[in-house]
Amino acid sequence: MPRPTFVRDLLRPEVQAELGADEVARRMDAAVAYVVAMQETAGLDIISDGEWRRLSYIGVIADICEGFEVTFKGDQPWTTVVAPLHATNPGIVAREALFVREHSRCEPKVALPSPYLLGLRMWDEGRSAAAYPTREAFMQALVPVLRNELAALRDAGIHHVQFDDPHLCLFVDPRVRRQYGDPEREMDLCVGLLNDILDGFDDLDTAVHLCRRNKARQGWVGEGGYGPIMPHLARLNVSAYMLEFAIPVAGDYDVLTDLPDDRRIGLGCVDCRGAHIDTPDEIVARVEGALGFVDADRLFLHPDCGFAPGSAADIPIDEAYAKLTAEVQAARLLREKHG
């Protein structure tokens, strides 16, 4: 969810140093309770804490483990692995989700970054090689850390868990595939790492989020339909796929027939990047386009991506609220029409 300015301030190291950890936590708890109430008021069935406690949606790994160095490029945090990982704060995502549950009547959902994404973003040949000689070695080291987080979530009774991997989705773009000597191996590696994490957690409602990267008002990075990555997605042991279809470069709905029939499909049907507020009728039209290829009882609705892909993303929170409210209204219309 978009962060108000005061929440961004609470994430700044100098503000945290001035206030102290306990006071920052007290104020952040109040902020998260607010964004939980906002999602409830919009009418959502499943909600999150907006990831307001995190420097970035991938930065949570540095809250769980020592071994990272965080620097800032302007307001943007940049996290690099510089030492072997040591989990000093395990179970943090479960504790965050329990806070949402305690302050809401809705089901909480937790998002975690995939090890492949973390490896691409956080491993640096010059600064990381002493700890992990290769990027893939770092990715492999993340598997037990993320499995432990899943175990803590299950123990806490949290049911809905999502792994984010926009880079896997970028392989839909031929320009991106040409940057790799063996793009198929890269996709195999990404899916294999996630399956290693998910093994034994069939009792959880698991999902993977795939988008063409979200640059907020600047748009997206990759372009193209999901066809090139569908064989890999079919091997991924998740309960559901969170796909974006509101942007014009997402391709056609017919690819949905390539996904296993026993999986649910989260249909990204609300634009999260532009200022236009999708109307309920616009959202219904998008969903009905997909209904030509997949049964209604397999579909659920969500925005294409998060509304604030970075802590500095400048999207008005009232805009996000209006879009979520329209999504809920569209869902009601669709339930009336299709059951």
(Q) Set out, in order, the CA-CA distance, both residues' side-chain angles and the distance that settles ring-ring contact (aromatic ring centres under 6.0 Å, His included) for Phe171 and Tyr180, then state yes or no. (A) CA-CA 10 Å; Phe171 285 106; Tyr180 293 84; 5.1 Å; yes
Q) Would you say the side chain of Tyr132 lies within less than 4.5 Å of the side chain of Met139, judging by non-hydrogen atoms? A) no
Q. Going by atom types alone, do Glu186 and Tyr116 pair a side-chain donor with an acceptor below 3.5 Å?
A. yes
Q.
Is the terminal nitrogen or CZ of Arg263 (NZ for Lys, CZ for Arg) located under 6.0 angstrom from the six-membered ring centre of Phe300 and within 45° of that ring's axis?
A. no
**Q.** OG1-CG distance between Thr206 and Leu150, expressed to the nearest 0.5 angstrom
**A.** 8.5 Å
Q: Give the minimum heavy-atom separation between Arg212 and Val249, together with the two atoms involved.
A: NE-O, 3.7 Å
Q. Between Asp63 and Arg53, does a salt bridge (Lys or Arg N to Asp or Glu O under 4.0 Å) hold up when you go through it step by step?
A. CA-CA 10 Å; Asp63 296 327; Arg53 302 180 191 275; over 6 Å; no
Q.
Working note: Phe245 + Tyr226, criterion ring-ring contact (aromatic ring centres under 6.0 Å, His included); need CA distance, chi angles, decisive distance, verdict.
A. CA-CA 10 Å; Phe245 279 99; Tyr226 286 99; 5.4 Å; yes
Q: For residues Ser128 and Val81, report the shortest heavy-atom separation together with the two atoms involved.
A: OG-O, 2.6 Å
Q) What are the two closest non-hydrogen atoms of Gly225 and Val172, and how far apart are they? A) O-CB, 3.2 Å
Q) Regarding Asp164 and His209, is there a side-chain donor-to-acceptor distance under 3.5 Å anywhere? A) no
Q: Output yes when Arg12 and Asp9 qualify as a salt bridge under the 4.0 Å nitrogen-oxygen rule, no when they do not.
A: yes
Q: For residues Cys106 and Asp45, report the shortest heavy-atom separation together with the two atoms involved.
A: CB-O, 3.6 Å
Q: Before accepting this row, confirm whether a basic side-chain N of the pair Lys323/Glu319 lies closer than 4.0 Å to the acidic partner's carboxylate O.
A: yes
Q: Flag yes if more than 12 heavy atoms outside Asp22 fall under 6.0 Å of its CG atom; otherwise flag no.
A: no
(Q) Testing the 3.5 Å rule here: is there a donor-acceptor pair between the side chains of His276 and Glu282? (A) yes
Q. With no hydrogens and no angle check, do the side chains of His232 and Glu184 hold a donor and an acceptor under 3.5 Å apart?
A. yes
Q.
Could you check whether atom CD of Glu18 has more than 12 heavy atoms from other residues, nucleotides or ligands sitting under 6.0 Å from it?
A. no
Q. Cut-off 3.5 Å, side chains only: do Glu40 and Ser104 have a donor facing an acceptor?
A. yes
Q) Does the cation-pi check pass for Arg27 over Phe6, that is, NZ or CZ under 6.0 Å from the six-membered ring centre and within 45° of its axis? A) no
**Q.** Arg54/Asp49 salt bridge by N-O under 4.0 Å criterion
**A.** no
**Q.** Closest non-hydrogen atom pair between Glu244 and Ala250, with its separation
**A.** O-CB, 3.3 Å
Q) Between Asp205 and Arg264, is there a side-chain N and carboxylate O pair less than 4.0 Å apart? A) yes
**Q.** Same apolar cluster: Leu146 and Met242, side chain cutoff 4.5 Å
**A.** no
Q | Joint cluster assignment, Val70 & Met28, ILVMFWY side-chain distance < 4.5 Å | A | yes
Q. Between Leu11 and Trp52, does a side chain to side chain contact (heavy atoms under 4.5 Å, CB included) hold up when you go through it step by step?
A. CA-CA 9 Å; Leu11 293 170; Trp52 278 7; over 6 Å; no
Q. Closest approach of Leu112 and Glu149, non-hydrogen atoms and distance?
A. CD1-CB, 4.4 Å
**Q.** Short N-O contact, Arg154 and Asp203, less than 4.0 angstrom
**A.** yes
